[in-house]
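Heads up: the structure comes next, in structure tokens.
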Amino acid sequence: PALPVLIDHLRRDISAKNHTDLGGVVAFLSADAVPSLVELLADHGLRGRSWIARILAGIGPQAAPAVPALTVVIEDKDREEEELRRWAIIALGAIGMEASAAVPGLVGVLERDSLHLRREVVDTLAQIGPAAGAAIPALLKSLGDPDRELRLRVVDALGSLCPDPAAVLPALVRTLEADDVDLRVAAARAVGSMGADAELALPFLTEAFRDSSSRVRVWAMCAVVAL
């Protein structure tokens, strides 16, 4: 009986200073709150809907029934404010592999949205993991983005979501030769995370043992051990 009271109070008082605490209470109630939160998320007359997405992010994997509603939010660039869309993207990442149905929408954001949101999308795809394999072509394309931070996130993501290492190893091997030390480190780390499936990268990793950066050398050695 307490849940309807909390949800009603959240609807009326979402912009008040105590809404952060209330969100924590609703998140604690976990999956029981998700249907009501989805209704609030769809209420375009409600101010501060980004807090609803934040609460869903706090619930995590048990918020999986909210994936369709969150996907609608991230895809509606013309109608939804960026902060709400950002938190919807974060919520999908917190849900994890159960958010795989949102991958096409996330790819759309990655291909044509603001840098701020594209960075969040890369992290979310990594959290979804191998179930986000359909995003690999868009991620590989993003390796050519001028934003260094985005490229770093993409390299890390490729190491965690690729169901077929052969699809990304050529790009990661090329990144092992990048001018940017952090990119080389990230590439070695990503290859190592693939384990024995990345054995074809072994010659390139051993070549990295002679890298000018000790960080790259260490991560290349760790990757070889992982293979």
Side-chain angles (χ1 to χ4, degrees), residues 27 30-31 33-35 37-38 41 52-77 80 84-113 116-145 149-173 175 186-187 189-201 223 226-227:
S30 197
V34 172
L37 292 170
V38 167
L41 191 65
I52 303 301
R54 289 190 189 201
I55 295 168
L56 289 167
I59 293 174
Q62 289 185 304
V67 168
L70 291 165
T71 304
V72 168
V73 168
I74 68 169
E75 291 179 337
D76 196 351
K77 181 177 180 179
E80 304 292 7
L84 170 58
R85 295 175 70 224
R86 184 175 80 88
W87 276 103
I89 291 167
I90 292 171
L92 289 167
I95 291 168
M97 63 182 296
E98 295 299 324
S100 60
V103 169
L106 291 166
V107 168
V109 176
L110 180 61
E111 291 179 334
R112 54 182 177 270
D113 225 300
H116 188 53
L117 293 185
R118 286 188 287 130
R119 287 176 175 176
E120 296 289 359
V121 163
V122 173
D123 292 346
T124 287
L125 291 169
Q127 289 175 283
I128 293 174
I136 288 173
L139 287 167
L140 290 173
K141 183 177 180 180
S142 295
L143 281 176
D145 193 276
E149 178 63 28
L150 180 67
R151 296 198 304 274
L152 283 169
R153 294 187 188 203
V154 168
V155 173
D156 283 333
L158 288 173
S160 62
L161 65 79
C162 188
D164 179 16
V168 301
L169 276 178
L172 292 176
V173 165
T175 307
R189 187 169 57 231
V191 172
S193 71
M194 296 178 183
D197 290 334
E199 188 175 359
L200 291 175
L227 300 186

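From a predicted model like this one, the values you see are computed outputs, not experimental measurements.
Proximity of Gln127 to Thr124: side-chain heavy atoms (C-beta onward) are separated by under 4.5 Å at one or more points. Val168 is not listed as a side-chain neighbour of Leu139, based on a closest heavy-atom distance of 4.5 Å or more. Residues Leu125 and Val121 have side chains in contact (heavy-atom distance under 4.5 Å, counting atoms from C-beta outward).
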Derivation and outcome, salt bridge (charged side-chain N to carboxylate O under 4.0 Å, His left out), residues Glu120 and Arg86: CA-CA 7 Å; Glu120 296 289 359; Arg86 184 175 80 88; 3.3 Å; yes
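Looking at residues two or more places apart in sequence or on another chain, you find a side chain to side chain contact (heavy atoms under 4.5 Å, CB included) between Leu143 and Leu140, Val154, Val155, Leu158, Ala171. Legend: residues meeting side chain to side chain contact (heavy atoms under 4.5 Å, CB included) with Val173, ordered by chain and number and at least two apart, are Ala201, Phe204. Every residue two or more places apart in sequence or in another chain that forms a side chain to side chain contact (heavy atoms under 4.5 Å, CB included) with Ala126 is listed here: Ala157, Ser160. For Lys141, there are no side chain to side chain contact (heavy atoms under 4.5 Å, CB included) partners two or more places apart in sequence or in a different chain. The salt bridge (charged side-chain N to carboxylate O under 4.0 Å, His left out) search around Glu111 returns none, not counting sequence neighbours. For Asp123, the salt bridge (charged side-chain N to carboxylate O under 4.0 Å, His left out) criterion is met by Arg153, not counting sequence neighbours. Taking Arg151 as the reference, nothing meets the salt bridge (charged side-chain N to carboxylate O under 4.0 Å, His left out) condition, with sequence neighbours excluded. Contacts of Glu75 classified as salt bridge (charged side-chain N to carboxylate O under 4.0 Å, His left out), with partners at least two apart in sequence or in another chain: none.
Taken from CG in Leu84 to CZ in Arg54, the straight-line distance is 11.0 Å, to the nearest 0.5 Å.
With a 6.0 Å radius and a threshold of 12 heavy atoms from other residues, nucleotides or ligands, Glu149 has its CD atom above the threshold.
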